[in-house]
Peer 1: 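First, the structure itself, so that you have it in front of you.
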There are 2 protein chains.
Amino acid sequence: MKQEKMDSILDTARRMFGRYGMQKTSLHEIARMARVAKATIYNYFGSKDQVYLEVLNREVNDIIEKMSAIVDQEKAPAEKLRVFLHAKFRYMKDAINILNLGREGIDNLLPKAGSIRDRLFSKEVSILHSILEKGVAEGIFYVSNIMLTARAIGYALRGFETTWLLKENDSEIEKHLDNLSDILCKGILARRKAT
Amino acid sequence: MKQEKMDSILDTARRMFGRYGMQKTSLHEIARMARVAKATIYNYFGSKDQVYLEVLNREVNDIIEKMSAIVDQEKAPAEKLRVFLHAKFRYMKDAINILNLGREGIDNLLPKAGSIRDRLFSKEVSILHSILEKGVAEGIFYVSNIMLTARAIGYALRGFETTWLLKENDSEIEKHLDNLSDILCKGILARRKAT
DNA sequence: ATTAGACTATTATTGTTTTTTAGTCCAAAC
DNA sequence: GTTTGGACTAAAAAACAATAATAGTCTAAT
């Protein structure tokens, strides 16, 4: 069982799933594109669902890694928050077919997919938490309960996902995000004169 | 053109649309149930779309009125916020078929439906604004920019609509709402010790 | 002004046939 | 002993055709 073949399969599957979605991609195609026998895929993964779950898992890890990296690059908490928002929606839009946000009820058929996405959500909240924490420590943010606020923002963002990613175009989303970033900051930033 | 007939048509249409959705209700049925000739409906409204828009418009007015009334009944801003959230989701769930939240892309075919729903959104923001304003005036809330915060909460709620109303059951939603209410208040309430 | 009903052109629905695809198996090749 | 190509089956999806339902119009009667 060579890691090389395994990666080739998963990379190919990721590309195909990303382009056509899990439903519209056949294992036969994946096998052909990955230059591997279909039987090999079944040898490794046992089922198409398992291949998908593996791809989804990797994708989520990827997104988490990239988001974390981008947030780490920034110093100022407010800026961290801003780039986090942009990164999150940017990467999620890229992976929209893999994450399967378009179709409803993939989680019904594949409960494990739901728990993988939950991992992404948890990580987002944890990133938000660390941003808020840093902001409060520096006296930039005024937040009474960091954990609750992080979860609140996380929930709100989760809501936005389906609303924004599917319908609106990129520039529209960017506008919304900057707006939201402003709102969050001006709602959170300590000691500004009330309007 | 008697108002009586008009109301009968719209009331019947509202009941049918609410039960089966706009798509699954035929004008023939509406006419039969409203004890009116189909031609009369076309005389009054010109098209099925127009009937739907009229019903939607009335429904939105209804929801706005009920939400406002419930919020007005409460004294404490925090309590106003809580009952507002519950009322909003309660009434929207009741009107889920009329508002056409389930199906995607009704707004694409009927742009006017979108603008009617926008009216509902604006009103929600305006209610939130007045709640926040009162809270700040009383020193209960600490909000740096009332308008921006009201819109932020409004946006978040809009995101939750599709996420919650469609999938989750009532008691689950209630739980989420109480949670959200808590989060909002503890994030907004002035001068609590940070956790 | 309103009605019942006939009428048409689209649009949904239904049922049937064909094709595709997930998954298995195996004999040959590496 | 792992991998491969291909043959195979059962189930799902797509394509198609036939049928029914429906939005919208028109008319003669009330």
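Chain naming here is simple, since letters A, B, ... match the order of the sequence lines and numbering starts at 1 in each.
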Peer 1: Along nucleotides 24-30 of chain D, 5' to 3', which nucleotides get a B, which get an S, and which get a -, given that the test is a protein heavy-atom distance under 4.0 Å?
Peer 2: BBB----
Peer 1: Could you state the CD1-P distance from A:I9 to D:dT3, rounded to the nearest angstrom?
Peer 2: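 Going from CD1 in A:I9 over to P in D:dT3 covers 9 Å.
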Peer 1: Taking 4.0 angstrom as the limit, do B:D118 and B:K112 come out as a salt bridge?
Peer 2: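 Salt bridge absent between B:D118 and B:K112.
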Peer 1: Which whole-number value in Å describes the distance from B:M16 CE to D:dT22 C1'?
Peer 2: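 Rounding to the nearest Å, CE of B:M16 and C1' of D:dT22 are 13 Å apart.
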Peer 1: Closer than 4.0 angstrom, basic N to acidic O: yes or no for B:K88 and B:E161?
Peer 2: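 Judged by the 4.0 Å cut-off on N to carboxylate O distance, B:K88 and B:E161 do form a salt bridge.
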Peer 1: From D:dT4, C:dA22, C:dT3, pick the nucleotide closest to the side chain of A:S26?
Peer 2: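 For the A:S26 side chain, the nearest candidate turns out to be C:dA22.
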Peer 1: With a 4.0 Å cutoff (strictly under), does any side-chain N or O of B:T40 reach OP1 or OP2 of C:dT2?
Peer 2: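 Result: no.
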Peer 1: Might you point out which heavy atoms bring B:M6 and B:Y44 nearest each other, and give the distance in Å?
Peer 2: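 Scanning both residues completely, I find the closest heavy atoms to be N-CE1, 4.0 Å.
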Peer 1: Rounded off to whole Å, could you give me the CG-to-P distance for the A:N43 and D:dG1 pair?
Peer 2: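 Result: 14 Å.
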Peer 1: Let me have a per-nucleotide readout for nucleotides 10-15 of chain D, 5' to 3', with B, S or -, counting only protein heavy atoms under 4.0 Å.
Peer 2: ----S-
Peer 1: A:F45 CZ to C:dA22 C1': how many Å, rounded?
Peer 2: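 Result: 16 Å.
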Peer 1: Just to verify, what does A:E79 make a salt bridge (Lys or Arg N to Asp or Glu O under 4.0 Å) with, not counting sequence neighbours?
Peer 2: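 A:E79: salt bridge (Lys or Arg N to Asp or Glu O under 4.0 Å) contacts with A:R82.
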Peer 1: What's the OH-P distance between A:Y52 and C:dA22, to the nearest Å?
Peer 2: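 For the pair A:Y52 OH and C:dA22 P, the rounded distance is 15 Å.
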Peer 1: Do any side-chain atoms of residues 28-36 of chain B form donor-acceptor pairs under 3.5 angstrom with protein atoms, and if so which ones, sequence neighbours left out?
Peer 2:
| from | atom 1 | to | atom 2 | distance (Å) |
| --- | --- | --- | --- | --- |
| B:E29 | OE1 | B:S26 | N | 3.2 |
| B:E29 | OE1 | B:S26 | OG | 3.3 |

Peer 1: Nearest whole angstrom, please: distance from the P of D:dA21 to the OH of B:Y20.
Peer 2: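 So the two atoms are 16 Å apart, to the nearest Å.
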Peer 1: Starting from P on C:dG23, measure out to OH on A:Y44 and report it in whole angstrom.
Peer 2: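 So the OH-P distance, A:Y44 to C:dG23, works out to 18 Å.
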Peer 1: For the side chain of B:T25 and the backbone of B:M22, is there at least one donor-acceptor N/O pair under 3.5 Å apart?
Peer 2: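 Not a single qualifying donor-acceptor pair exists.
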Peer 1: Is there a donor in the side chain of B:S47 and an acceptor in the side chain of B:D49, or the other way round, less than 3.5 Å apart?
Peer 2: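 Result is no, nothing qualifies.
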Peer 1: Check this for me: does any side-chain nitrogen of one of A:R58 and A:D7 sit under 4.0 Å from a carboxylate oxygen of the other?
Peer 2: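 Salt bridge between A:R58 and A:D7, a charged N being under 4.0 Å from a carboxylate O: yes.
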Peer 1: Output side-chain donor-acceptor pairs under 3.5 Å for residues 61-72 of chain A, partner residues at least two apart or in another chain, one line each.
Peer 2:
| from | atom 1 | to | atom 2 | distance (Å) |
| --- | --- | --- | --- | --- |
| A:N61 | OD1 | A:R119 | NH2 | 2.2 |
| A:S68 | OG | A:I64 | O | 2.8 |

Peer 1: Give the rounded distance in Å between these two atoms: CG of B:L110 and C1' of D:dA23.
Peer 2: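 Nearest whole value for this atom pair: 14 Å.
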Peer 1: Taking atom CD1 of A:I140 and atom NZ of A:K134, what is their separation to the nearest 0.5 Å?
Peer 2: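 So the gap between those two atoms works out to 8.5 Å.
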Peer 1: When you check the gap from the basic side-chain N to the acidic O, do A:E172 and A:K175 get nearer than 4.0 Å?
Peer 2: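 Yes, A:E172 and A:K175 are salt-bridged.
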Peer 1: The helix from C:dA1-D:dT30 to C:dC30-D:dG1: angle between its terminal axes, five pairs each, to 10°?
Peer 2: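 Roughly 40° between the end axes, to the nearest 10°.
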